[in-house]
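Read the structure below first, then the notes.
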Protein chains: 2
Amino acid sequence: MQQTENDPVPAIAMRLKIEREARGWSLAELAERSGVSKAMISKIERCEASPTATVLGRLSGAFGLPLSVLLALAERAQERVALQAEQPVWTDPETGYTRRAVSPPNSLLELLDVSLPAGVRVPYPASAFAFQHQQIWLLSGRLDFQEGPVTHHLAEGDCLLLGPPADCVFFNPGKEPARYVVALTRR
Amino acid sequence: MQQTENDPVPAIAMRLKIEREARGWSLAELAERSGVSKAMISKIERCEASPTATVLGRLSGAFGLPLSVLLALAERAQERVALQAEQPVWTDPETGYTRRAVSPPNSLLELLDVSLPAGVRVPYPASAFAFQHQQIWLLSGRLDFQEGPVTHHLAEGDCLLLGPPADCVFFNPGKEPARYVVALTRR
DNA sequence: TCATCTTGTCCACTATAGAAGACGATCACC
DNA sequence: GGTGATCGTCTTCTATAGTGGACAAGATGA
């Protein structure tokens, strides 16, 4: 019989829901755009049906993605370990600010490992985190976090829950790099 | 409704057949390995059914391929233009022999554009073209083609139909590079 | 508080995916 | 010229994919 029990249905279900919600579409809207009934989309997202190639083609078309890409994303979403070597890192060449996406792709909860060099200021506009729940946890060094009118002075180990969206600024007042975790989830 | 009429069924059908035949498997053998009935595989290959994600998962598993890769290959097989820049070229660093795969991926009929430097001999074992129908068409230069016991002397424009499998040798007796087309199809 | 809109799920019903086996073809070997 | 092999397709039947519409649960607003 089959060698690798490789059922793609849960991965597809998860990916489908992520793609739809990332676009802010309801079941009805995706049904409209794809030509697939919303009842069926609901079933697929709940792993109660195994979509045919035809239906998958319509859905990926609605997302503007080639089917193979949708499937590849689905497979990656199945990976539950994100090795450090594979985690995408972004570095600002001017300030030396680095940000590493720790969480496996497409997690509901995302963890960012940030390093902020001494004396550097990083602005963070309110628009960047609307509809998100966020916390900032300082692992080492010092961090002044300006949230709208108020400023929080964080020391090692402190954890801050962000309030309603406001223009923010990260600032490292110390002499050592500040290392902190940003944890965020959509709501 | 859907924007891009993007039906993956024909592409999947074509790719499935190619993967199966490339492994020399019959419908029954693939059915055995994948756990999908041979009747169903037959239908899928003839575009008479749209396989579910579950069935696609079993089939790709039998081939030892991730589903997304199988689909990506299927999508590429749909491309009907192979731009010269995308055609894979292989060059033998010792002799300067070059071979370019002209045809779009997975065509039933494959065209190779070969350039053989002056004085170079390239052996071609019988085992390399069993079950293939082949023709050799000399575009420019000269080519001596040794087919088992007999040798054909080809001049510009000549076209040779290969007989039953035999050990062969390509040889360019001229002073200019020989450029020829190898056209082959499975039988 | 009562409409009204939107959300996702549930309920018939129909179309078809998928399995198991029969069937006619082709080929190899006595 | 039989006689089994094996090939792919066709046939029958069942499970389920897929549709359209009803439904209950929030959300919004007058």
Side-chain angles (χ1 to χ4, degrees), chain A residues 1-2 5-62 67 70-71 74 108 131 186-187, chain B residues 1-2 5-62 67 70-71 74 108 130-131 133 164-165 186-187:
Chain A
M1 300 302 160
Q2 58 267 35
E5 186 51 66
N6 191 18
D7 184 13
V9 168
I12 292 172
M14 194 182 308
R15 190 67 213 174
L16 181 56
K17 188 166 187 136
I18 288 171
E19 290 297 329
R20 181 175 65 84
E21 294 185 340
R23 289 165 174 77
W25 294 350
S26 66
L27 287 179
E29 183 160 6
L30 177 54
E32 171 77 12
R33 288 170 179 265
S34 64
V36 179
S37 71
K38 64 176 184 170
M40 199 51 196
I41 300 171
S42 173
K43 278 196 211 170
I44 297 169
E45 287 188 354
R46 286 175 292 130
C47 291
E48 293 196 356
S50 181
T52 59
T54 305
V55 163
L56 285 177
R58 294 209 197 116
L59 291 172
S60 64
L67 180 50
L70 188 70
L71 271 288
L108 208 69
F131 309 112
R186 333 266 163 207
R187 47 178 160 196
Chain B
M1 302 299 161
Q2 58 267 37
E5 188 50 66
N6 191 19
D7 185 13
V9 169
I12 292 172
M14 194 182 306
R15 190 69 214 173
L16 181 56
K17 187 165 188 138
I18 289 170
E19 290 297 328
R20 182 174 65 83
E21 293 184 341
R23 289 166 174 75
W25 294 349
S26 66
L27 287 179
E29 182 159 7
L30 177 55
E32 170 77 15
R33 289 170 178 265
S34 63
V36 178
S37 71
K38 65 175 183 172
M40 197 55 201
I41 300 171
S42 173
K43 279 196 210 169
I44 297 170
E45 288 187 354
R46 285 174 292 130
C47 292
E48 293 195 356
S50 181
T52 58
T54 305
V55 162
L56 286 176
R58 294 207 198 121
L59 291 172
S60 63
L67 180 49
L70 188 70
L71 270 288
L108 208 68
F131 309 112
H133 172 102
R186 333 267 162 206
R187 48 178 156 196

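Because the structure is predicted, anything quoted here is derived from the model rather than measured.
At a threshold of 4.0 angstrom between heavy atoms, the contacts of A:Ser42 include nucleobase atoms, whether or not backbone atoms are also involved.
Whole-Å rounding puts the B:Leu27 CG to D:dG8 C1' distance at 6 Å. Rounded to whole Å, the distance from CD on A:Glu29 to P on C:dG8 is 10 Å. Separating the CG atom of B:Leu30 from the P atom of C:dG18 is a distance of 14 Å, rounded to the nearest angstrom.
Closest approach of A:Ile12 and A:Pro51 over heavy atoms only: CG2-CG, 4.5 Å. Here the closest heavy-atom approach between residue B:Glu45 and residue B:Leu27 is recorded as OE1-CD2, 4.0 Å. What you find for A:Lys38 and A:Ala31 is that their closest heavy atoms are N-CB, 3.6 Å. Residue B:Val36 comes nearest to B:Ile41 through the heavy atom pair O-CD1, 3.7 Å, listed as atom of the first residue, atom of the second, then distance.
At the phosphate of D:dG8, OP1 or OP2 sits under 4.0 Å from a side-chain N or O atom of B:Arg20. An OP1 or OP2 oxygen of C:dG8 is reached within less than 4.0 angstrom by no side-chain nitrogen or oxygen of A:Arg46. For B:Ser26 and D:dC7, the shortest distance from a side-chain N or O to OP1 or OP2 is below 4.0 Å.
Taking CD of A:Glu32 as the reference point, atom CD of A:Glu29 lies at 8.5 Å (rounded to 0.5 Å).
Looking at B:Arg20, its side chain never comes within 3.5 Å of a backbone N or O of B:Leu16 through a donor-acceptor pair.
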### Task
For nucleotides 14-29 of chain D, just jot down a letter per nucleotide in 5' to 3' order: B, S or -, based on protein non-hydrogen atoms under 4.0 Å.
---SBBB---------
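Axis orientation changes by 20° from one end of the helix from C:dT1-D:dA30 to C:dC30-D:dG1 to the other, with each end axis drawn from 5 pairs and the value rounded to 10°.
Legend: ring pair (Phe, Tyr, Trp, His ring centres under 6.0 Å) pairs involving residues 16-50 of chain A, not counting sequence neighbours, sorted by first then second residue: A:Trp25-A:Phe63.
A:Thr54 and A:Arg58 are not linked by any side-chain donor-acceptor pair at a separation below 3.5 angstrom, with hydrogens and angles left out of the test.
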